[in-house]
Every structure is written in structure tokens, then in C-alpha cells.
Amino acid sequence: MDTDNKDFTQTMSAWWQYNQDLYSIFSQNLFNNSPVQKALNEQSAEDFGEWAKEITKQPEIFAKQQLNWWQEQLKIVQQTWEQSLNASSEEIISTERGDKRFLADEWQDNPWFSYIKQSYLLFGQSLLDSIRQTPGLDEKLKERLEFFARQVINSISPSNFITTNPELLKLTIESEGQNLINGLELFKKDMAKSGDMLRISMTNENAYELGKDLATTPGRVVFQNHLFELIQYSATTKQVHKTPLLFVPPYVNKYYILDLKEENSYVKWAVDNGHTVFMISWKNPDPSMAEIGFEDYVVDGVITALDEIEKQTGEAYVNAIGYCIAGALVATAMAYFTSKRMKQKIKSATLLTTLLDFSQPGELGVFVNEGTISALEAYNLQNGVMHGHLLGVSFSMLRENSLYWNYYVNNYLKGQPPMDLDLLYWNGDSTNLTAKCHNFMLRDLYLENRLIANKEVDIRGTKIDLTKVKQPIYALSTRDDHIALWQATFKGFQYTSSKTTFVLGESGHIAGVINPPKANKYGFWSGPALQGEANAWLEKAEHTKGSWWGHWGKWITQFTDEKVPARAVKTKANPGIYDAPGEYVKARL
């Protein structure tokens with residue numbers, strides 16, 4: 001018996017050491033190695049120093065907060081004692097809605113693990129409340145402090161360690177540590193393919209093939225230059241709307257988020273509804289493209305695509321759809337046409353989750369300060385690109401529990417390979433950003449907010465002015481978007497002179513947009529004119545169940561003209577280059 005106890009103790013010690021070593025390596029890669037994290041660490045130290053100064057000015061507030069924490073901790077101890085005596089008692093602190101870290105029954109039923117969970121939640125809640133309640137701190141500083149504090153809080157969650165997570169402990173004992181052996185292999189594979197920052201696999205990278213499993217809508221690449229391929233999709237109706245439709249995806253991701261599978265493809269839905277659909281597929285940049293800037297994406301990208309569509313169809317006007325930062329590209333292109341006194345080729349614009357006014361950057365605001373942006377600019381200039389994996393991990397840390405730590409636990413501690421999911425596959429299929437373009441976004445857009453200023457953005461020598469844009473706009477934002485806050489997008493659209501139909505979808509930046517009608521999942525708000533304050537608009541708006549796609553489909557027919565015979569994607573005059581999805585989209589980092 002003694003030998004068995006000794007062996008068990010040694011085994012548990014080895015498992016504990018493994019977890020600690022893994023966490024140490026992981027944390028070093030996560031928080032120290034990348035230039036993004038180095039810059040953020042410096043900003044964090046400065047911000048916490050400012051917080052400490054304010055606390056010392058009013059120590060009585062901090063003392064009161066500590067007393068409240070101690071009283072709540074005593075309540076947890078009392079509740080745990082009662083639970084251990086089989087007395088019924090409710091938990092003092094419960095998990096927030098959507099927190100999936102503590103779903104195992106033992107977190108509630110076992111007094112010890114319930115105590116660990118509640119004490120941890122109390123610590124996190126108390127720390128964040130202390131920041132929020134400290135007077136003398138401006139709101140941007142508080143936002144950054146909350147972000148940095150949240151990263152620390154969630155990194156030390158008891159769910160991340162074997163001996164404090166009952167689910168992991170049970171799994172490790174029952175499998176005799178096989179889960180950790182499997183996890184170590186997964187960890188090694190991720191380390192081998194990571195760059196400046198450890199990138200945890202969210203899905204099997206060999207699970208899908210573009211053109212076969214994803215990006216399957218039939219079409220043909222009809223044009224290619226150094227920046228993009230232009231895809232024309234095959235019609236599925238005998239007649240099509242006369243005015244073509246151009247999708248402009250963000251250059252920070254690959255286009256097939258708009259064409260995942262047939263059942264959730266916005267592209268396929270538009271084609272089936274009689275549109276001649278074109279898609280820009282951006283080239284995944286390498287360091288040789290370091291000098292490609294935002295203005296090049298406007299002129300050599302969007303405007304060149306418009307020219308090529310006219311050659312393909314004979315139509316001088318196009319209805320354009322811009323998603324995220326590509327919405328800013330489309331708006332800038334419209335302003336460029338006006339400033340150059342050129343023929344306006346965009347008849348209407350649909351701008352999805354698009355910021356024009358960058359004064360409210362949401363959780364991305366943690367990166368928007370002189371120190372962090374200067375560090376990122378230096379990194380970009382040195383490397384020629386902002387590496388896509390680094391950018392992807394940085395975005396994941398904005399939702400660290402759902403997009404990072406849960407995969408750490410699942411992959412490395414449970415030893416379970418990630419599941420196959422189309423959206424996660426797309427999310428992991430990262431793209432680089434050119435140094436010049438990323439630096440423009442960081443400083444000119446986010447830090448200095450120059451896009452809404454009169455003639456402060458220069459496009460190939462032409463100063464643009466968004467107030468000169470008059471084409472009709474359909475503006476979709478989403479309620480839970482943490483990248484483009486809907487209140488900020490609402491404000492930004494008011495800088496144009498367009499008649500704007502504003503629609504607010506349920507869910508977030510991706511799910512709120514990729515919301516096919518057949519799924520009948522998320523609804524939307526619409527109705528009032530775009531003016532005044534966002535929340536006042538929402539109070540008057542009408543809620544509709546179901547996808548916004550149908551609402552947009554009715555709106556866009558105002559600008560499509562009569563029907564014409566379906567257009568072929570391959571003719572003797574325009575044979576194209578090769579079939580969709582093309583080659584640019586297949587380039588992986």
C-alpha cells in the first residue's frame with residue numbers, strides 16, 4: 001500500500017511538473033517573444049504604474065475594496081464548509097453567461113473544486129472592479145488596464161492546470177497520463193510551425209481542400225495582377241440582373257469566408273438570386289510587397305477590378321460589397337472617383353461591419369497608442385510584412401478564453417486533436433499584411449483617425465473627402481462585434497452624404513454577417529433614418545427575425561436595372577485564366 005501511495009505521489013508530481021513546464025514555455029512564447037507582446041508589456045507596465053499612483057492618492061478606496069474582497073472570501077469559506085457537511089447552499093459567485101471553463105459537475109458538486117473556482121472568480125472580479133472604480137483614470141487607460149488584467153486573470157485560471165481542474169485530473173488518472181503524451185505531440189507540432197508567437201491549432205489544417213470542400217461555388221479567374229485575382233462566378237439562372245455585383249473582401253483575411261460551403265455561402269446565395277457575381281481574391285503578400293500601401297489596394301485593387309468587370313460585361317456600373325476594412329476601401333474608391341471628377345463606377349455600396357470613424361476602436365484600442373504603434377511600425381519595416389500568424393494570435397487574445405485558452409486545455413492537456421470546422425479552418429488560414437499598408441492602418445486610421453477628416457488621406461496624389469460620397473449605402477453592423485463596434489460604425493457612416501440604410505444584425509463580426517436565411521438563426525434591427533446617436537436609433541428600430549440577407553436582397557434590386565441573359569464566365573474573347581477558386585487563395589503561410 002505504501003509503495004502504491006509512493007508511486008501515485010511520484011506520478012502526480014511528474015504530471016504537475018509537466019503542466020508547469022508546459023505552461024512556462026507556453027507563457028514565454030505567448031507573452032515575451034513577439035514584438036506585439038513586448039510593446040504591450042511595456043504599455044502595461046506604464047499603465048499599471050499610473051493606476052498605482054492613483055491608488056496611493058486615495059488609499060481609503062483601495063482599503064474598502066480589500067475589505068469587500070475579504071468579506072466575500074469568508075462567505076465562500078462558509079459556503080464550502082456547509083457544502084462539505086452535505087448542507088444545501090448556493091454558491092456565492094457564479095460563472096458569467098457563456099463561460100464554458102467550469103461546466104464539469106465537480107466544479108459545483110465537489111466542495112474543494114467549488115472553493116477553488118469561486119475564489120478564483122472572486123479574485124478576477126475584484127481586480128477588474130478595482131480598476132473600474134478607481135477615480136482619476138481616463139476611460140482609454142481603464143480599457144487598457146482591464147485588457148491587461150484580464151489576460152493575467154484568464155491565464156492563471158484553475159481550469160488551465162491539471163491538479164486544480166477536476167476534469168483534467170480524472171482524465172489523466174484514467175488514461176495513466178496518455179492525454180499528456182498526446183498533448184505533448186500536438187504541442188511540438190504547433191511549435192514547429194509557429195513564428196514569433198505560439199499559434200495553437202484550432203482545427204486540422206489538412207481537413208479541407210479549397211475548391212473541393214470550401215470555396216466551392218463554380219467560377220473562373222478572369223483577371224490577375226500583382227495584387228489580386230478577379231473571380232467571375234457561373235450563373236445558375238437563365239437571366240441575371242444587368243448590373244454586376246463585386247465582392248471586396250478584407251485583405252487581412254482570405255475571401256472564402258464569403259464562400260465557405262454551399263449552405264452558408266453568401267456568394268452562392270447571391271448567384272442563385274440572379275446576380276452576376278465577381279470576387280476579389282487578394283494575393284497573400286510576402287516581404288517583396290513591403291511598399292504596397294492602402295492607396296494601391298484602392299487603385300490597383302478595387303478600381304482595377306471595376307475596369308475589368310466593364311471589359312467582361314460591358315457594364316460601366318457595379319454594385320459593390322465591402323467587408324470590414326474592405327468597406328473603407330470601397331468608400332475611399334468612391335471618394336477618389338469624386339475628387340478626380342471621374343465617372344463614378346460604383347452605383348451602390350454595401351458596407352459590412354465597416355469603420356470609417358476610428359475614434360472608437362473597440363477592444364483593438366489596446367493597441368492604439370504611440371508606444372505600441374511605433375513598435376509595430378518598426379517590426380513591419382524590418383520584416384516587410386506583419387506576419388499573419390502573429391496578427392491572428394493577437395486578434396485571438398481579444399477573446400482569449402474562447403479563442404486561445406480553451407484550445408490550450410483541449411489540445412495540450414486533454415490531448416485531443418482539434419475538431420474539423422470550416423469557420424475555424426478559415427480563421428487559421430492566415431494572411432500577411434504589407435508593411436506600408438499595415439502602418440497606414442495603425443497610424444493614419446486608428447491613431448490619427450484621418451479618413452473622416454477633410455482631404456487628409458492622399459490616394460495617388462489625390463486628397464479624398466468622404467462627405468462628397470453620395471451613392472446609396474446599405475450599412476450592416478452587428479450588435480456583438482468587438483472589432484468594429486456598431487456604435488462606432490453608426491457614427492462613421494454619417495460622415496458621407498449618402499442615403500444610408502442602416503441595419504444592425506444580431507451576433508458578431510463573422511456570425512452576424514455569414515447568416516444564411518435557411519439557418520434562421522439571427523435576426524436584425526432596421527427602420528429609422530441614420531442620424532443622431534446610435535442607442536437612440538436602436539430604441540426606435542424594428543426587430544425582424546431571420547437573416548438580413550433577404551432584406552438586403554430587396555434593397556439591392558433598386559440598383560440592378562432590368563434582367564439580361566446569363567453571362568458566361570469563359571468565352572472565345574475572354575477565356576479567363578483558370579477555374580475558381582484560383583491560385584492566390586491557396587498560398588498558405
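Not measured: the values here are computed from a predicted model.
Between N380 and T434 there is no side-chain heavy-atom pair separated by less than 4.5 Å. Residues L423 and I514 have side chains not in contact (no heavy-atom distance under 4.5 Å, counting atoms from C-beta outward). No side-chain heavy atom of P135 sits under 4.5 Å from any side-chain heavy atom of K57. Residues L476 and T350 fail the side-chain proximity criterion, which asks for heavy atoms closer than 4.5 Å. The side-chain heavy atoms of M191 and F187, taken from C-beta on, include a pair separated by under 4.5 Å. Counting only heavy atoms from C-beta outward, the side chains of Y251 and T431 never approach each other to under 4.5 Å. Y266 is listed as a side-chain neighbour of L352, based on a closest heavy-atom distance under 4.5 Å. By the 4.5 Å heavy-atom criterion applied to side chains, M202 and P418 are not counted as neighbours.
Judged purely by distance below 3.5 Å, without hydrogens or angles, the side chains of Y256 and D429 pair a donor atom with an acceptor atom. Residues S130 and Q65 have side chains that bring a donor and an acceptor to within less than 3.5 angstrom of each other. Donor-acceptor pairing under 3.5 Å is lacking for the side chains of Y323 and N253.
Shortest non-hydrogen contact noted between L355 and I483 is CD1-O, 4.0 Å. Shortest non-hydrogen contact noted between Q83 and D109 is NE2-O, 3.3 Å. Taking each heavy atom of L421 and T203 in turn, the nearest pair found is N-OG1, 3.4 Å. The minimum heavy-atom distance linking I76 with Y115 is given by the pair CG2-CD1, 3.7 Å. The two residues W486 and R479 come nearest to each other via the heavy atoms CD1-O, 3.8 Å. Nearest heavy atom pair, residue P158 against residue Y120, reads CD-CG, 3.4 Å.
Heavy atoms from other residues, nucleotides or ligands lying under 6.0 Å from NZ of K142 number more than 12. Within 6.0 Å of atom CD in E90, 12 or fewer heavy atoms from other residues, nucleotides or ligands are found, so the atom counts as exposed in its surroundings.
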**OP:** Starting from the C-alpha separation in whole Å, work towards a yes-or-no answer on side-chain contact (heavy atoms from CB on, under 4.5 Å) for L180 and I162.
**Re:** CA-CA 10 Å; L180 302 183; I162 295 170; 3.7 Å; yes
**OP:** Would you sort out whether L169 and F113 count as a side-chain contact (heavy atoms from CB on, under 4.5 Å), showing the intermediate values?
**Re:** CA-CA 11 Å; L169 188 59; F113 289 113; 4.2 Å; yes
**OP:** With side-chain contact (heavy atoms from CB on, under 4.5 Å) as the test, would you mind laying out the steps for I61 and T134 before giving the verdict?
**Re:** CA-CA 8 Å; I61 295 177; T134 301; 5.8 Å; no
Original post:
For F48 and L145, what are the C-alpha separation, side-chain angles and deciding distance, and is it a side-chain contact (heavy atoms from CB on, under 4.5 Å)?
Top reply: CA-CA 7 Å; F48 276 97; L145 282 170; 3.9 Å; yes
Original post:
For E143 and K140, what are the C-alpha separation, side-chain angles and deciding distance, and is it a salt bridge (charged side-chain N to carboxylate O under 4.0 Å, His left out)?
Top reply: CA-CA 5 Å; E143 288 175 3; K140 289 188 178 296; 5.4 Å; no
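By the side-chain hydrogen bond (donor to acceptor under 3.5 Å, both in side chains) test, S159 pairs with S157, sequence neighbours left out. In this view, S44 satisfies the side-chain hydrogen bond (donor to acceptor under 3.5 Å, both in side chains) rule with no residue, not counting sequence neighbours. For the salt bridge (Lys or Arg N to Asp or Glu O under 4.0 Å) test, residues two or more places apart in sequence or in another chain that qualify with E167 are K414.
Distance check, rounded to the nearest 0.5 Å: CG of N369 to CZ of R144 gives 5.0 Å. The CD atom of E146 sits 10.5 Å away from atom CG of L141, with the distance rounded to the nearest 0.5 Å. For the atom pair Q125 CD and Q118 CD, the distance stands at 11.0 Å (nearest 0.5 Å). L186 CG to I181 CD1: the interatomic distance, rounded to the nearest 0.5 Å, is 12.5 Å. Note that the CG atom of N182 and the CG atom of L413 stand 12.0 Å from one another [nearest 0.5 Å]. A distance of 7.0 Å separates CG of D190 from CD1 of I200, quoted to the nearest 0.5 Å.
Of the possible polar contacts, none joining the S374 side chain to the G371 backbone as a donor-acceptor pair under 3.5 Å is found. Using modelled atom types, no side-chain atom of Q416 and backbone atom of N410 make a donor-acceptor pair closer than 3.5 Å. Side-chain atoms of N432 come within 3.5 Å of backbone atoms of G388 as a donor-acceptor pair (strictly under, hydrogens ignored). Although no hydrogens or angles enter the test, the distance criterion places a donor-acceptor pair under 3.5 Å between the side chain of S547 and the main chain of N515. S126 contributes no side-chain N or O that, together with a main-chain N or O of F123, makes up a donor-acceptor pair within less than 3.5 Å. Between the side chain of T501 and the backbone N or O of Y474 there is no donor-acceptor pair closer than 3.5 Å.
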In residues 440-449, what donor-acceptor pairs under 3.5 Å come from side-chain atoms, sequence neighbours left out?
from : atom 1 : to   : atom 2 : distance (Å)
R443 : NE     : E377 : OE2    : 2.7
R443 : NH1    : E370 : OE1    : 3.2
R443 : NH2    : E370 : OE2    : 2.9
R443 : NH2    : E377 : OE1    : 3.0
D444 : OD2    : R450 : NH1    : 2.2
N449 : OD1    : F358 : N      : 2.8
N449 : ND2    : D357 : OD1    : 3.0

Identify each donor-acceptor pair in which a side-chain atom of residues 525-543 lies under 3.5 Å from a protein atom, sequence neighbours left out, and give them as a table.
from : atom 1 : to   : atom 2 : distance (Å)
W537 : NE1    : P528 : O      : 3.0
H543 : NE2    : E506 : OE2    : 2.8

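Under the salt bridge (charged side-chain N to carboxylate O under 4.0 Å, His left out) criterion, the residue pairs touching residues 66-84 are E72-K75, with sequence neighbours excluded.
For W548 and F524, the gap between ring centers reaches or exceeds 6.0 Å.
Using a 4.0 Å cut-off between a side-chain N of Lys or Arg and a carboxylate O of Asp or Glu, R101 and D99 qualify as a salt bridge.
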